[in-house]
Amino acid sequence: MSRTALRICPLCEATCGLTLTIEGTAVTGARGDRDDVFSRGFICPKGASFGAVDGDPDRLRTPLVRRDGELREATWEEAFDTVAAAIRPVVERHGPHAVGVVLGNPNVHTVAGALYPPVLLGALGTRSLFTASTVDQMPKHVSSGLLYGDAGAIPVPDLDRTGHLLLIGANPLESNGSLCTAPDFPGRLKALKARGGTLTVIDPRRTRTARLADRHIAIRPGTDALLLAATAHVLFEEKLADVGELAPHLDGLDELRAALEDFTPQAVAPACDVDPEVPRLLARELAAAPTAAVYGRIGSCTVPHGTLASWLVDVLNILTGNLDRPGGALFPHAATDRTPRPAGPGKGFALGRWHSRVSRHPEAKGELPISALAEEIDTATPDGEPIRALIAVAANPVLSAPDGDRLDKALGSLDFMVAVDPYLNETSRHADVVLPPPPPAQSPHHDFAFNTLAVRNQVRYTRPAIPLEPGRMAETEILARLILAVSGMHGADPSAVDAMVIDQTLGKAVLDPHSPVHGRDPRDLAARLTGENGPERRLDLMLRLGPYGDGFGAREDGLTLEKLLAHPHGIDLGPLRPRLPQPLRTRTGKVELLPGPIAADLPRLKRAMAERPAGLLLVGRRHLRSNNSWMHNIPALTGGTNRCTLHIHPEDAERLGVRDGASVRVKGAGGAVTAVAEVTDAVRRGVVSLPHGWGHDRPGTRLRHAAADPGVNVNQLLDGSLLDPLSGNAVLNGVPVELAPMA
Ligand SMILES: Nc1nc2c(c(=O)[nH]1)N[C@H]1C(S)=C(S)[C@@H](COP(=O)(O)OP(=O)(O)OC[C@H]3O[C@@H](n4cnc5c(=O)[nH]c(N)nc54)[C@H](O)[C@@H]3O)O[C@H]1N2
Ligand SMILES: Nc1nc2c(c(=O)[nH]1)N[C@H]1C(S)=C(S)[C@@H](COP(=O)(O)OP(=O)(O)OC[C@H]3O[C@@H](n4cnc5c(=O)[nH]c(N)nc54)[C@H](O)[C@@H]3O)O[C@H]1N2
Ligand code: SF4
Ligand SMILES: [Mo]
């Protein structure tokens, strides 16, 4: 007897609605939900393998606790007892910062990851927070923080209506999009072309996305900020800049023009290794298009000038009048966003409110660079204690962050580590306690993060497709119990955590004159919340207080959890709409075009005009059937072209004596790896490419399929010292390497 159930796919940012086929407690099939208001039936090979991902026999079923040096199966009670007994003493003896927290990427794909880590951090009071954001999009947060006063205000390209898309360092045909949630990104790009629009792609590799483009610019890695600065320069020089209706919301236009004066096409072209006509062409194309959107992703962020490149992406949208207008780049409005407040000056965005202990890296958005995690554990300094205990939730930094070998050793030296992870992998193998969440089919889903980055406003929620198997614990409960265990409330009812958050939120809302519940009784409001459990009540709360919410009766027809549950394929909330100045939180209440920290970093970009590295530069790549470090254990998603090979251009291969299929030694500042060469002109000359997330050959892991074809860890080539200084983001692309064919 089989049945079907709906489940939003958590495997990438596209958030497709799936229809799962379920037999007993197993997912035996997955297809796109044609009635999904957003994804309309789209599915990719990863989503189609949902059953295999969900049912991977190597997923842990019970907690593991280290006894006599070995991880052994244990009860949940033993596991949380061990955590409670270990963490509090570290805090009491060495202070809160001696407990580190590492949050990995899947936290943005789970309900638990959205709702509990902020509470955990509050309970611990630690400044030792490291997340996947600093090997990813932190530069975009910093540029948004500086421009708009809110690190979360990220404009999203209006894919379905734009007339021209300039796409920089992104390959959505493999990644399915990022910081731009768009189920069927490939179809949306084809639709852009079908309606007469144009697509330009800047990427050192001729990717599947680049092959779809009208124009592909194979730039030298790491130099996009220069090319974009020159493009903005041309907009001013050729009097093509036209900010249109944005004018009253902008501050610093003249200062911006002056700051970009030296970035002429002639001056940047040699460093970018493009013709000086390219920035002129880009500027004219952007200015001439009826509407246009500039969009940058990983390749524009994980580079030495990541924050400047991210800032310039928005600068180009602003100078062409495309920010906040249909067809340009707009600020989405998610159903769980906070109650909108009236426009006006805000608190602004501060960087470097504290610094890392060893290398004195400034914090950004409350985080320290994950590149610095190893040294914060293994290096003593006179001021402050090293990290002694670590809580890792959905993170595999041994593979995803620079210099995995050093981090591997550092993790092994901790007094205590707990990992919330379904796998015993390169990172969790160091834990003293592993707390495994249930597989996705047994978990609820709502996209708290990605709905704020979606190309269409919409809201969807799916309850667990399969009830929790006996012995399983919901990840929401795991994290709630973890919070209680580290805050001296071990053993209390985990729903107390949700009740506390609800009380605090309502307590503030009733005092806020702009809230729809201003002046009401918080206990009465709390009693009206619906939902089967704490996390559902919190979702109901956020929906009801949000921009489309019922305001607890203040707005008839408004959104509630009950209403959402009555729409299992989701509720469409319409296309993106202009919102300025409401999202602005800067001190001036305007878009601050040339913020101080950006202006102070421009001389470094100017110096980069003279840099022409003679050697090879390494870039990454993603494969459609992969996802960071944790999907190489699924047979259906490995093999074929999804391999950890080194792409190298035929001319470079010839010059260095590298043959297709032969092993090559790749050396970087942090170490060396040996990979099989794949000679291809899909990479430009002077550039080689290795994918990340591989290197599954360490002992003590339980990833049987992945270990059979382990690949190598590209991040071993890094030593962790190369960062974008403003954001602390690791430089993962455009990294100098040396090659030697193996005898
Ligand atoms: N060289 C190079 N390095 C990179 C990148 C690159 O492009 N090049 N990309 C970077 C980017 S963009 C990112 S986001 C990071 C990712 O870095 P990480 O977040 O550290 O790595 P992931 O591989 O996403 O690992 C996630 C972990 O979460 C676990 N997990 C999976 N599902 C769940 C779940 O439902 N709950 C919990 N609790 N755990 C779960 C997995 O088993 C795995 O251990 O890697 C970065 N590293
Ligand atoms: N299939 C699959 N999908 C994924 C993931 C995955 O691992 N696999 N990971 C998910 C995550 S966590 C993220 S953050 C997103 C990332 O989503 P995307 O940013 O679309 O990811 P990539 O496919 O790595 O594309 C980055 C492109 O930048 C190019 N590039 C490298 N250096 C430079 C440079 O200096 N300048 C320019 N202009 N381009 C450069 C690379 O060649 C590459 O084609 O994907 C998500 N989706
Ligand atoms: S595109 Fe992403 S969200 Fe959609 S099915 Fe594939 S992995 Fe899942
Ligand atoms: Mo990412």
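As the structure lists them, so they are numbered: ligands from 1, and atoms in each ligand from 1.
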Review point. Does any N/O atom on Y423 come nearer than 3.5 Å to any N/O atom on ligand 1?
Key: no
Review point. If you measure every N/O of A401 against every N/O of ligand 1, is any gap under 3.5 Å?
Key: no
Review point. What distance separates E426 CD from L411 CG, expressed to the nearest 0.5 Å?
Key: 11.5 Å
Check your understanding: Under 4.0 angstrom from ligand 2, any heavy atom of G222?
Key ->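 Under 4.0 Å: yes for G222.
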Point to revise | Pick from V102, N105, T427: the one approaching atom 19 (O) of ligand 1 most closely through a non-hydrogen atom | key: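 The nearest heavy atom belongs to N105.
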Check your understanding: Nearest heavy atom to atom 26 (C) of ligand 1: which of P106, G104, A419 does it belong to?
Key ->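 That would be P106.
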Practice item. Within a distance under 4.0 Å of any heavy atom of S629, pick out the atoms of ligand 1 and give their elements. Key: 22 (P), 23 (O), 25 (O)
Check your understanding: Which ligand 1 atoms, with their elements, are less than 4.0 angstrom from a heavy-atom of V420?
Key ->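 With V420 as reference, the close atoms of ligand 1 come out as 37 (C), 38 (N), 39 (N).
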What are the atoms of ligand 2, with element, lying closer than 4.0 Å to any heavy atom of [X]?
| X | value |
| --- | --- |
| D136 | 14 (S) |
| P221 | 34 (C), 35 (O) |
| L624 | 1 (N) |

Review point. Considering only the protein, which heavy-atom contact is closest to atom 12 (S) of ligand 2, and what is its distance?
Key: N628 ND2, 3.2 Å
Practice item. Have a look at E174 and tell me which of K46, R622, R208 forms a salt bridge (charged side-chain N to carboxylate O under 4.0 Å, His left out) with it. Key: R208
Point to revise | Close approach of A395 to ligand 1, heavy atoms, under 4.0 angstrom | key: yes
